[in-house]
Amino acid sequence: MNEPLTDSNYLILLALLEPKHGYAIMKDISDITEGNVSIGPASMYTILKKLLKNEWITLEQDDDRKKIYLITDSGIKKLEEEVERRKLFYLAGDRLLSEARGGQN
């Protein structure tokens with residue numbers, strides 16, 4: 001599966017570079033985006049199921065019986081591919097906007 005990640009999938013994978021439970025994932029996404037993006041519990045758990053199915057994350061339980069999620073090696077690889085794809089889009093947009101402005105910033 002070589003589809004691009006949605007923004008929500010991307011942010012959840014970024015948040016899971018360290019093991020976290022659901023509430024901590026939502027808080028991290030808010031922190032990562034400086035409060036500009038929030039993902040509700042229903043959306044997040046739907047996405048977590050998809051990420052588990054794709055084997056991009058794993059699920060563990062801690063002593064308090066909370067579900068703890070963590071990115072897998074294949075999830076890191078997918079995240080690295082996505083970062084490169086997003087860089088390409090950013091650089092293309094930056095260049096084209098600069099050209100449209102006549103090289104002015």
Side-chain angles (χ1 to χ4, degrees):
M1 176 186 236
N2 203 14
E3 291 181 25
L5 294 173
T6 65
D7 290 344
S8 296
N9 291 0
Y10 177 72
L11 290 168
I12 288 172
L13 285 178
L14 282 176
L16 290 175
L17 288 168
E18 294 181 4
K20 289 183 183 68
H21 57 80
Y23 177 77
I25 295 168
M26 291 187 291
K27 184 176 179 331
D28 256 21
I29 289 169
S30 182
D31 292 346
I32 290 167
T33 63
E34 298 177 350
N36 289 297
V37 175
S38 64
I39 298 175
S43 296
M44 187 189 61
Y45 286 107
T46 299
I47 293 166
L48 288 171
K49 285 180 188 176
K50 180 180 177 185
L51 298 175
L52 283 164
K53 182 180 176 188
N54 288 326
E55 299 181 350
W56 293 336
I57 63 172
T58 60
L59 172 62
E60 302 172 6
Q61 277 191 318
D62 71 3
D63 296 337
D64 297 330
R65 295 178 41 160
K66 290 181 184 172
K67 292 180 179 181
I68 303 293
Y69 299 90
L70 177 63
I71 194 167
T72 62
D73 289 341
S74 62
I76 290 173
K77 183 174 186 258
K78 181 64 178 176
L79 191 55
E80 289 169 342
E81 292 169 2
E82 187 66 15
V83 166
E84 290 305 311
R85 186 185 77 82
R86 288 173 183 252
K87 277 184 196 175
L88 177 68
F89 284 4
Y90 167 80
L91 292 172
D94 191 51
R95 178 179 45 82
L96 291 169
L97 281 170
S98 181
E99 290 171 6
R101 291 189 208 117
Q104 302 170 354
N105 283 332

Problem set entry | Passing candidate, side-chain contact (heavy atoms from CB on, under 4.5 Å) with His21, options Met26, Lys67, Lys66 | Lys66
Exercise. By side-chain contact (heavy atoms from CB on, under 4.5 Å), which residues pair with Asp31, not counting sequence neighbours?
Worked result: Lys27, Asp28
Seminar exercise, completed: Residues passing the side-chain contact (heavy atoms from CB on, under 4.5 Å) test with Ser8, sequence neighbours excluded, are Thr6, Ile39, Ile47
For this session: Return the set of residues passing salt bridge (Lys or Arg N to Asp or Glu O under 4.0 Å) with Lys53 (not counting sequence neighbours), or none when no residue passes.
Result: none
Exercise. Can you name the salt bridge (Lys or Arg N to Asp or Glu O under 4.0 Å) partners of Glu80, sequence neighbours left out?
Worked result: none
Exercise. Got Ile12 and Ile57 here, is their nearest side-chain heavy-atom distance under 4.5 Å?
Worked result: no
Exercise. Taking the side chain as C-beta and beyond, is there a heavy-atom pair between Pro4 and Glu82 under 4.5 Å?
Worked result: yes
For this session: Sorted by first residue and then second, give each salt bridge (charged side-chain N to carboxylate O under 4.0 Å, His left out) pair with at least one member in residues 8-17; sequence neighbours left out.
Result: none
In Å, rounded to the nearest 0.5 Å, how long is the span from [atom1] of [X] to [atom2] of [Y]?
X	Y	atom1	atom2	answer
Ser43	Leu48	OG	CG	10.5 Å
Met44	Asn9	CE	CG	12.5 Å
Leu52	Thr58	CG	OG1	7.5 Å
Glu18	Ile71	CD	CD1	11.5 Å
Lys78	Leu13	NZ	CG	9.5 Å

For this session: Carefully, step by step, assess Leu16 and Trp56 under the rule side chain to side chain contact (heavy atoms under 4.5 Å, CB included).
Result: CA-CA 10 Å; Leu16 290 175; Trp56 293 336; over 6 Å; no
Problem set entry | Minimum heavy-atom distance between Arg85 and Leu5, given as atom pair plus value | NH2-O, 4.0 Å
Exercise. Which pair of non-hydrogen atoms, one from Ile29 and one from Ala15, has the smallest distance, and what is that distance?
Worked result: CG1-CB, 4.4 Å
Exercise. In terms of side-chain geometry, is the basic nitrogen of Glu81 or Lys77 positioned less than 4.0 Å from the acidic oxygen of its partner?
Worked result: yes
Exercise. Salt bridge check: are Asp7 and Arg86 linked by an N-O gap of less than 4.0 Å?
Worked result: yes
Problem set entry | Donor-acceptor contact below 3.5 Å, side chain Ser98 vs main chain Asp94 | no
For this session: List, by chain and then residue number, the residues other than Tyr90 in its hydrophobic cluster (Ile/Leu/Val/Met/Phe/Trp/Tyr, side-chain heavy atoms under 4.5 Å); write none if there are no others.
Result: Leu91
